[in-house]
Every structure is written in structure tokens, then in C-alpha cells.
Undergrad: 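Take a look at the following structure, please.
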Amino acid sequence: LNGESDGAAYKLELVAEGLGVPWAMAGVGDTTIFISERGGSAKLLNRVTRELESVSGLPKVYASGQGGLLDVAVDGTYKPGDWLYFTYSKPKGDSAATALARAKLQGTRLREWQDLFVSEDPGDTSRHFGSRIAFDGKGHVYFGIGDRGERELAQNLGNHAGSIIRLKLDGSVPSDNPFVGKQGVKPEIWSYGHRNPQGLAFDPGTTRLWEVEHGPRGGDEINLVAAGKNYGWPVISYGKEYWAPLQVGEGTEREGMEQPIKYYSPSIAPGSLLVYSGKAFPHWQGNLFVGALKLTHLNRVILDKSGRAQGEERLFQGLNERIRALYQSPEGWIYLSSDSGKVYVLRPDSEQ
């Protein structure tokens, strides 16, 4: 597929296919991408030869509904032999809990697997586990947990559901987290009132933490996440109930609850979030990219310097693929995966 955006020519090429749902991608070398598959397996993709290799050493995951092996991420200083971070649905009785773990990749095997955190929430559904990972470059890891399909949990600080979690890289709780020392409140929580975070990205240039989450019918949100803030779900929402064309909650605004930077109605069903910083497409620098599942496209959001959404562009609507994961390569190319088991690369079209 060839196209043009803001006068810059690009092309989209198929790189790999035949994967399980490729839920996340992370660069683990100049030419190697680690791909997590929701069913509980993982592959290494060589970007040059386009060969796939299976990875061993993974834990047992709860691969049901929206659960499974979820995100894989490395921080900005990663070099081979360093920690890879994972979120996954860890089996717990008949259900599961969102867990954060880390391991080291040696060849095609993961070693020293450590569960750093297992969420405490009363949810027992197979829905809304989250969960993307972001690093701030200052020794902290962030990741999201959904409301587990029980919406009232997102306003209850006595459990982890419906929140963004902030930990040190070893899994311990930072002393400057907003709720540390507060009675009956989980100290790992950074922000709350989230429905189902499906994208999380830290912009080192602006030190902003961006999040995208699923609304119900309408009301998908892009949020600028700040410490201790309440993002409103399910008290306020731009979405409608599934069972009737009625507003969720009490309206779209309430004092003490944050407004999204942008919302989508109808829902695009976001699958991932990327802050673009590459050199391949200079005019895209600082833009947000969101993979869309339901409306099957790559959503580009243009921001002004203050972080307000100024517009959007919908790329590859004709591809008819549920776009799940995004990865920016060292060259500034964008890799995207689809739920049909494919990986594509978006790069400048030098032939035009």
C-alpha cells in the first residue's frame, strides 16, 4: 500500500504472517523484534531476513476472553541481556489477575522470570485486564489495569482495578506515589477512574504520560495522566450504555474529575498508543498514533505544544485489519501488528 500524509510519501509492506494475536512488540536488538502472542507464546522477528523464531521460558497464562500474554516492553536504555518487562493475565482460581513481570532473553529463551506485581481486585470476568507498559526514564515503570468488567471498581482505591500503576523497576513502591501512607488505599496507584487502558506511552521530550482507553458504546478516551487524578469512569463518560441509548453515569463532566484530551464517538476501539519521535517522518514528530481494532485503521492525532488535540488522520482504513500493536524502530519506521496474525512496516516511499 502506498500513500501520502502531509505531502510525505509512505508505503506499507507485509513483513510477517501466521502469528497468533500479536499483542505487543518490543525492540530487543537493532534488527530483532520480540512479539508477544495473546495465547501465551512469543516469537522473535528478524527485521532483515523476516524470519520468525519461537521463544521458550514463558509462564502459564490465562488465555481466555481478553486475557493472555499481553504487553512486552523495554526501557530506552535497553541493551541485550537487560530486563524485558511483561504484563499478563496470571491464573488465579477460575479467573486471573493482571500481573507485571520481568525476565532476561538469552538466545531464544527467557530466563530469571520474576513476577514483580500481581493485582488485587475482586474481578472474576475474562474482560478488561489492560495492560500496556511505559517507562519514564527515571527508574519507574507504569502500566494500566482495566475495571475487570465491574465498573464500580474503578472508583474504589482499595483495589487496583481501573487504574494506572506506578512502580520502581524492581517492583517496589516509590515513596512519592500519590497515595502512599493513605489508609485503605493501594499505594501502587498513580491515577484511577479508568475503564480499560489499552495504550500507554511516555513522551520524554515533554515528560507527558499519555493513555488511551476503551469507552463503552462511544467514549474511547485519550488522557494526559497525572499523579493522583480521577479520570471519571463510570461516573462521567462520553459513551452510551450497551443495553439502551442512554448516557453512562451522570453526564460528561464533574468537578474533581479529569476531561480527556480527545474522545472518539463512535468508538474506534483503541489497541495501542505510540508517541512518534522518529526521523523517518519528521512531520509526524510529537504526534500520537493509536491502533484501532473495531474501526480498523491507524489513527494519527496531531497535538499542539500544550498537548491539546488539533486534528486526526485515519490511515489504512481499506486494509480492513484490527490494528493491535505499534513499535517504532531505530530508523523511525512504524511496525504494526494485526489480530489476523500479521506484522506490517510503515516507512517512507523513496521511489516517489
Side-chain angles (χ1 to χ4, degrees), residues 23-24 26 36-42 55 57-75 83-104 110-135 139-175 177-182 184-198 200 211 213 225:
W23 212 91
S36 67
E37 297 170 292
R38 191 169 63 193
S41 54
V55 175
L58 288 152
K60 185 178 180 184
V61 305
Y62 174 87
S64 179
Q66 295 170 1
L69 181 60
L70 303 175
D71 209 8
V72 57
V74 296
D75 71 16
W83 294 108
L84 282 70
Y85 286 76
F86 298 86
T87 49
Y88 73 106
S89 304
K90 185 178 175 69
K92 186 178 74 173
D94 294 332
S95 183
T98 302
L100 175 78
R102 67 180 182 179
K104 293 179 178 178
L110 289 168
R111 300 189 181 277
E112 299 179 51
W113 186 277
Q114 302 173 3
D115 281 346
L116 299 177
F117 167 92
V118 180
S119 69
E120 291 180 29
D121 64 67
D124 60 1
T125 72
S126 61
R127 302 194 299 278
H128 298 187
F129 291 97
S131 170
R132 295 288 180 186
I133 299 168
F135 302 92
H140 304 110
V141 56
Y142 302 75
F143 56 100
I145 301 172
D147 68 3
R148 299 303 314 283
E150 298 180 29
R151 54 178 63 171
E152 67 282 352
L153 296 180
Q155 289 295 319
N156 180 354
L157 288 163
N159 74 86
H160 294 114
S163 64
I164 304 297
I165 302 296
R166 178 185 186 244
L167 299 172
K168 292 183 181 179
L169 297 179
D170 64 1
S172 61
V173 178
S175 59
N177 269 12
F179 300 111
V180 165
K182 297 202 174 176
V185 179
K186 296 296 182 189
E188 299 89 354
I189 294 175
W190 183 250
S191 65
Y192 65 106
H194 300 284
R195 184 173 181 266
N196 190 23
Q198 288 289 288
L200 198 64
E211 178 256 5
E213 64 186 69
V225 176

Undergrad: Tell me, do Trp83 and Lys104 make a side-chain contact under 4.5 Å, heavy atoms counted?
TA: yes

Undergrad: Would you mind reporting whether Ile165 and Ser163 have side-chain heavy atoms less than 4.5 Å apart?
TA: yes

Undergrad: Is the shortest heavy-atom distance from the side chain of Arg195 to the side chain of Arg151 under 4.5 Å?
TA: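 A side-chain contact under 4.5 Å is absent here.
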
Undergrad: Output yes when a side-chain donor or acceptor of Arg102 lies under 3.5 Å from a complementary backbone atom of Leu169, and no otherwise.
TA: yes

Undergrad: Does Arg148 qualify as a cation-pi partner of Phe129, given the criterion of NZ or CZ under 6.0 Å from the six-membered ring centre and within 45 degrees of its axis?
TA: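 Yes, Arg148 lies over the aromatic ring of Phe129.
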
Undergrad: Judged by atom type as modelled, is there a donor-acceptor pair below 3.5 Å linking the side chain of Asp147 to the main-chain atoms of Gly162?
TA: no

Undergrad: Check for a donor-acceptor pair, side chain of Ser131 on one end and backbone N or O of Gly144 on the other, with a separation under 3.5 Å.
TA: yes

Undergrad: Kindly say whether Ser64 contributes a backbone atom to a donor-acceptor pair with the side chain of Ser126 at under 3.5 angstrom?
TA: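 No, the answer is negative, given that no donor and acceptor are paired below the 3.5 Å cut-off.
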
Undergrad: Check whether any side-chain heavy atom of Leu200 lies under 4.5 Å from a side-chain heavy atom of Ile164, and answer yes or no.
TA: yes

Undergrad: Do the non-hydrogen side-chain atoms of Tyr85 and Leu116 ever get within less than 4.5 Å of each other?
TA: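 When only atoms from C-beta onward are counted, Leu116 and Tyr85 do touch, with a gap below 4.5 Å.
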
Undergrad: Kindly compute the distance separating OH (Tyr142) from CD (Glu211), expressed to the nearest 0.5 Å.
TA: 13.5 Å

Undergrad: Okay, side chain of Tyr88, backbone of Asp71: is any donor-acceptor separation there less than 3.5 Å?
TA: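 Flag not set: sc Tyr88 to bb Asp71 has no pair under 3.5 Å.
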
Undergrad: Closest heavy-atom contact between Tyr192 and Gln155?
TA: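 Smallest interatomic distance, heavy atoms only, reads CE1-OE1, 3.8 Å.
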
Undergrad: Are the side chain of Ser36 and the backbone N or O of Leu70 linked by a donor-acceptor pair below 3.5 Å?
TA: yes

Undergrad: What distance do Gln114 atom CD and Arg111 atom CZ have between them, rounded to the nearest 0.5 Å?
TA: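 These two atoms lie 14.5 Å from each other.
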
Undergrad: Which value, rounded to the nearest 0.5 Å, describes the distance between Asp75 atom CG and Phe135 atom CZ?
TA: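 Between Asp75 CG and Phe135 CZ, I get 5.5 Å after rounding to 0.5 Å.
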
Undergrad: Classify the side-chain pair Asp121/His160 by whether it contains a donor and acceptor separated by less than 3.5 Å.
TA: no

Undergrad: For Gly68, does its backbone N or O pair with a side-chain atom of Ser89 as donor and acceptor, under 3.5 Å?
TA: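 Between the backbone of Gly68 and the side chain of Ser89 there is a qualifying donor-acceptor contact (under 3.5 Å).
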
Undergrad: Which is it for Val141 and Leu100 under the side chain to side chain contact (heavy atoms under 4.5 Å, CB included) test, yes or no, and what are the steps along the way?
TA: CA-CA 10 Å; Val141 56; Leu100 175 78; 4.1 Å; yes

Undergrad: Out of curiosity, His194 NE2 to Ile189 CD1, how far, rounded to the nearest 0.5 Å?
TA: 9.5 Å

Undergrad: Is there a side-chain contact between Val61 and Lys90 (heavy atoms, below 4.5 Å)?
TA: no

Undergrad: Measure from the side-chain N and O atoms of Gln66 to the backbone N and O of His128, and report whether any donor-acceptor pair falls under 3.5 Å.
TA: yes

Undergrad: Closest approach of Ile145 and Ser119, non-hydrogen atoms and distance?
TA: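 Closest heavy-atom pair between Ile145 and Ser119: CD1-CB, 3.7 Å.
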
Undergrad: With sequence neighbours excluded, tell me which residues meet side chain to side chain contact (heavy atoms under 4.5 Å, CB included) with Lys92.
TA: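 Scan of Lys92 (side chain to side chain contact (heavy atoms under 4.5 Å, CB included), adjacent residues dropped) gives Ala97.
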
Undergrad: Is any side-chain N of the basic residue among Glu188 and Arg166 closer than 4.0 Å to the acidic one's carboxylate O?
TA: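 No, no charged N to carboxylate O under 4.0 Å.
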
Undergrad: CZ/Phe143 to CZ/Arg132 distance, rounded to the nearest 0.5 angstrom?
TA: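 Reported to 0.5 Å precision, the distance equals 14.5 Å.
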
Undergrad: Sequence neighbours left out, what passes ring pair (Phe, Tyr, Trp, His ring centres under 6.0 Å) with Phe86? Give chain and number order.
TA: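 Per chain and number, Phe86 pairs via ring pair (Phe, Tyr, Trp, His ring centres under 6.0 Å) with Phe34, Trp113.
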
Undergrad: For Asn159 and Ala161, indicate whether the former's side chain and the latter's backbone hold a donor-acceptor pair under 3.5 Å.
TA: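 Answer holds: yes.
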
Undergrad: Work out which heavy atom in His140 is nearest to a heavy atom in Pro174; give both atom names and the distance.
TA: CD2-CG, 3.8 Å

Undergrad: Would you say the side-chain atoms of Asn177 pair up with the backbone N or O of Phe179, donor to acceptor, closer than 3.5 Å?
TA: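 Checking the backbone N and O of Phe179 against the side chain of Asn177, no donor-acceptor pair under 3.5 Å is found.
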
Undergrad: Measure across Pro122 and Leu153 and return the closest heavy-atom pair with its distance rounded to 0.1 Å.
TA: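 Result for this residue pair: CG-CD2, 3.5 Å.
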
